[in-house]
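Read through the structure below, which is laid out as structure tokens, and then see the notes.
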2 protein chains.
Amino acid sequence: MIKPDIVFVAKLAGVSPATVSRVMNHPDLVHPATRRKVELAVEKSGYIRNRAAQAMHGRRSATIGLVVPTVANTIFAEVVQAFNDTVSAQGFTLLLASHGYDLDSEYRLVRKLLEHRVDALAVVGLDHSAGTFRLIAEQRVPLLALWNYLADSALPCVGVDNREAGRLAAEHLVTLGHRRIGMVFPAIFDNDRARDRKTAATAVFRAAGIELQDRWQVEVPYSIAQAKAACLELLAGEDRPSALLCANDVIAQGAIYAAARLGIAVPASLSVIGIGDFAGSAQMEPALTTVRIPAQQVGIAAGQAIVTAIGRPDPDFMIRSRVELELIMRASTGIAAEMIRP
Amino acid sequence: MIKPDIVFVAKLAGVSPATVSRVMNHPDLVHPATRRKVELAVEKSGYIRNRAAQAMHGRRSATIGLVVPTVANTIFAEVVQAFNDTVSAQGFTLLLASHGYDLDSEYRLVRKLLEHRVDALAVVGLDHSAGTFRLIAEQRVPLLALWNYLADSALPCVGVDNREAGRLAAEHLVTLGHRRIGMVFPAIFDNDRARDRKTAATAVFRAAGIELQDRWQVEVPYSIAQAKAACLELLAGEDRPSALLCANDVIAQGAIYAAARLGIAVPASLSVIGIGDFAGSAQMEPALTTVRIPAQQVGIAAGQAIVTAIGRPDPDFMIRSRVELELIMRASTGIAAEMIRP
DNA sequence: AGAGTTTATGAAAACATTTGCAAGACTGTT
DNA sequence: AACAGTCTTGCAAATGTTTTCATAAACTCT
């Protein structure tokens, strides 16, 4: 039993290969009766068209490359899912690659995706190596930055403004009267999202005349376990902050668990705010106050943007779309203790 | 500026296209000096080889298709990541598809992946439609079932024995003296993982002479929010179970949050056990007792299995690998109140 | 009924690569 | 110096599709 060709199907249907091809790609160009014959032959032979051959002809490969730091983190899983659903509905398949926050390996991954002749490429964030950019420019593949929005970015981008996220979170704490503030962030060297959030928050605190104590600033990766461990240490003594601004909800969850373990009442003695509003943040006890990043919306908008870009003939057609943030006040933040007069 | 061909590179290097091809695929067959020349030409021209053309020739496409219910759920994100890392290290790229627990759309997705001529296919679970199976058999693509292990499965599989998972969890509750037991599970109609867990647990309870009350059995999807809502209702009255066996950790987290909200002490007045040991389960307060499914190990083992299967000439080379489960006792389960004599 | 127009199909070139075969260039041995 | 063997390389066929062009058939209108 040999795998059926397009010419095998053509013979079976008594037509030419060209006609079979047309039935698959431009059904309206062929007579209904012939179409029926061909469809029958396809059915009967179990023919599955070969996208590789199709792609080789210079046609679409019908794949889109997506590069994420990791998919294991709640942060990206949701956006990947929404993005996949959106482009999948348009007939595209996702080629996934993850680099674990390593820009060098990102270059290799992008190269690999280009070898597969993806019709477009989406990457997370705006920070990428020069080599990566050069590669993509040379190949003239539409490129989209996901997750971040920046009005004056070099890349087309769909996402949220992380500076605003940092600002919203910081302003909330300031409004509640907190002045003894700790920040729990990952390394910001090659993570533009964390960097934008942190610098914006810092600026707000400075403007409010709040001095950030070095001993209350800690650096942890995006991991509940490590965030909890770090916060257990941070919150152990008497001299602790009254509020914690966390780079994202995963870290914030760790912080809340640390407080629970130490018997520190949240929000009575400690306020905690996150960024992201991940699955579970609304349900935990106390429910997490956070800046909501609508991951679904980002994924969908990005999917739509990239599909329209693929349709366009001009190679660097620019889309830029900002998804709105929203401060979600829940139970993990409250008025600073020193503000409450008896 | 035209995109460089293999013949363009060949000209630049002063050799034939065949030689360039050999440099890319069988470097040991060509003289070091020539190889150097070609590599230089590749570098200089920015040539990126076309996998589509390569795949068309009947060679490997260097892609592996992965079909999951969803990637947005912590359950699968981790295993997807480990699987991807493993096959990626061997030069393969992942073609991802998700069907949202819908077996009909699974058929279409598998078809789409086969159009791309994936070198192998991995799917989650052992329950699949007849159409899906037929399709894959016809195409002679190595197929691997991920996540589940069954000694007598029709498919090669790498994963854990879900019946054992259910058994371990149930036995733990029985050992602690619980007899008033609730179960929180998703619909088991087309989810073999949930079904295996539930039937095994039920069998254990029956053997121990425990009668399961219908009013304590609830059905919820894998969602923290819905699990919490359902458990709030289940635990509201006086007449409630002393222990909850949850289909997985996501549901168990929802249950614990519900108890916290209602002021029910865990584990003093209510024990909760999950299955999975997802990220965060160990850190939450109280830390979740659960049956650990080593997602990383499953992903890695599956990746290795599938890569070796691709190497094999025989189409249905069978691998079957069982990953071990482990009961992790933490703080969310305790001895049943009625067992404690003053 | 005939000219003009539209619609439906087929032949063949093109796409970018791999590989079996064969020939030429070396190597070492006698 | 001739021979046998081993390396290295190029030629050309093959892979499965799409698309342009041409042609034939089927309408439409006067």
Side-chain angles (χ1 to χ4, degrees), chain A residues 2-39 41-42 45-63 91 112 114-119 139-141 313, chain B residues 2-39 41-42 45-63 91 112 114-119 139-140:
Chain A
I2 202 90
K3 275 195 200 170
D5 262 28
I6 200 175
V7 352
F8 181 91
V9 174
K11 252 179 213 144
L12 196 63
V15 298
S16 79
T19 303
V20 177
S21 170
R22 275 188 280 256
V23 170
M24 310 292 289
N25 300 298
H26 315 281
D28 42 317
L29 287 184
V30 17
H31 192 89
T34 333
R35 201 190 314 166
R36 209 94 36 85
K37 271 196 306 185
V38 171
E39 277 159 357
V42 167
S45 64
Y47 169 66
I48 293 197
R49 78 168 172 294
N50 188 334
R51 290 275 188 188
Q54 192 170 265
M56 217 206 54
H57 196 87
R59 226 166 173 287
R60 308 262 95 98
S61 70
T63 58
K112 225 170 57 167
L114 291 174
E115 287 184 354
H116 287 287
R117 295 295 187 269
V118 290
D119 294 332
Q139 296 301 115
R140 304 204 196 307
V141 172
Chain B
I2 203 88
K3 276 194 200 171
D5 251 18
I6 200 175
V7 352
F8 181 91
V9 174
K11 253 179 211 142
L12 195 63
V15 299
S16 78
T19 303
V20 177
S21 169
R22 275 188 278 255
V23 170
M24 309 292 289
N25 300 297
H26 315 281
D28 42 316
L29 288 184
V30 16
H31 193 89
T34 332
R35 203 190 313 167
R36 209 95 36 87
K37 272 196 304 183
V38 171
E39 277 161 356
V42 167
S45 63
Y47 169 66
I48 294 198
R49 78 168 172 295
N50 189 333
R51 290 276 188 188
Q54 191 170 265
M56 216 204 57
H57 198 83
R59 229 166 171 286
R60 308 263 97 97
S61 69
T63 58
K112 226 170 57 168
L114 291 173
E115 287 184 356
H116 287 286
R117 294 297 187 268
V118 290
D119 294 332
Q139 296 301 115
R140 304 206 196 303

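In the text below, chain A, chain B and the rest are named by the order of the sequence lines, each starting its count at 1. All heavy atoms count here, side chains included; hydrogens, waters and symmetry mates do not.
Judged by distance alone with a 3.5 Å cut-off, no donor-acceptor contact links the side chain of B:Arg117 to the base of D:dG16.
One atom, CD of B:Glu115, and another, C1' of D:dG16, lie 14 Å apart when rounded to the nearest Å. A straight line from CZ of A:Arg49 to P of D:dT19 spans 12 Å, rounded to a whole angstrom. Between A:His26 atom NE2 and C:dT9 atom P the separation is 15 Å, expressed in whole Å. A:His57 has its NE2 atom 8 Å from the P atom of C:dC15, to the nearest Å. Rounded to whole Å, atom C1' of C:dT17 lies 16 Å from atom CZ of B:Arg60. Distance CG (A:Asp5) to C1' (D:dT17): 9 Å, rounded to an integer number of Å. Spacing between atom NZ of A:Lys11 and atom P of C:dG10 amounts to 14 Å, rounded to whole angstrom units. Distance, B:Arg35 CZ to D:dC7 P: 14 Å, rounded to whole Å.
Taking side-chain N and O atoms only, A:Thr34 has no distance below 4.0 Å to OP1 or OP2 of C:dA8. Close to D:dG10, at under 4.0 Å from its OP1 or OP2, lies a side-chain N or O of B:Thr19. The shortest distance between the side-chain N/O atoms of B:Gln54 and the OP1/OP2 oxygens of C:dT17 is not below 4.0 Å. For A:Asn50 and D:dT15, the shortest distance from a side-chain N or O to OP1 or OP2 is not below 4.0 Å. The phosphate of C:dC26 (OP1 or OP2) has no side-chain N or O of B:His31 nearer than 4.0 angstrom.
When all heavy atoms are compared, the tightest approach of A:Arg117 to B:Ile48 is NH2-O, 3.0 Å. Contact record, A:Val23 with A:Glu39: CG1-CG, 4.3 Å, taken as the closest heavy-atom pair.
Contact annotation for A:Val20: no contact, since no heavy-atom pair falls under 4.0 Å across all strands. Within the nucleic acid shown, A:Arg22 comes within 4.0 Å of at least one base atom, counting heavy atoms only.
Each of A:Leu29 and A:Pro17 has a nearest nucleotide on DNA chain C; the 5'-most of these lies closest to A:Leu29.
For A:Met56, the listed nucleotide lying nearest its side chain is C:dA16; candidates were C:dA16, D:dT9, D:dT19. Distance from the side chain of B:Ser21 is smallest to C:dT18 among D:dT18, C:dT18, D:dG10. The side chain of A:Ile6 sits closest to D:dT17 out of D:dG10, D:dT17, C:dT19. Closest to the side chain of B:Ser16, out of D:dG10, D:dT19, C:dA11, is D:dG10. Listed nucleotides: D:dA12, C:dT17, D:dT19. Nearest to the side chain of B:Ala18: D:dA12. Closest to the side chain of A:Ala53, from the set D:dT17, C:dA16, D:dT18, is D:dT17.
At least one donor-acceptor pair closer than 3.5 Å links the side chain of A:Lys3 to the backbone N or O of B:Gln139. Side-chain N or O atoms of B:Ser45 include none that pairs as donor or acceptor with a backbone N or O of B:Pro4 at under 3.5 Å.
Summarising the geometry, atom CZ belonging to B:Arg51 is positioned 15.5 Å from atom CE belonging to B:Met56; distances are rounded to the nearest 0.5 Å. Taking NZ from B:Lys37 and NE2 from B:His31, the interatomic distance works out to 9.5 Å, rounded to the nearest 0.5 Å.
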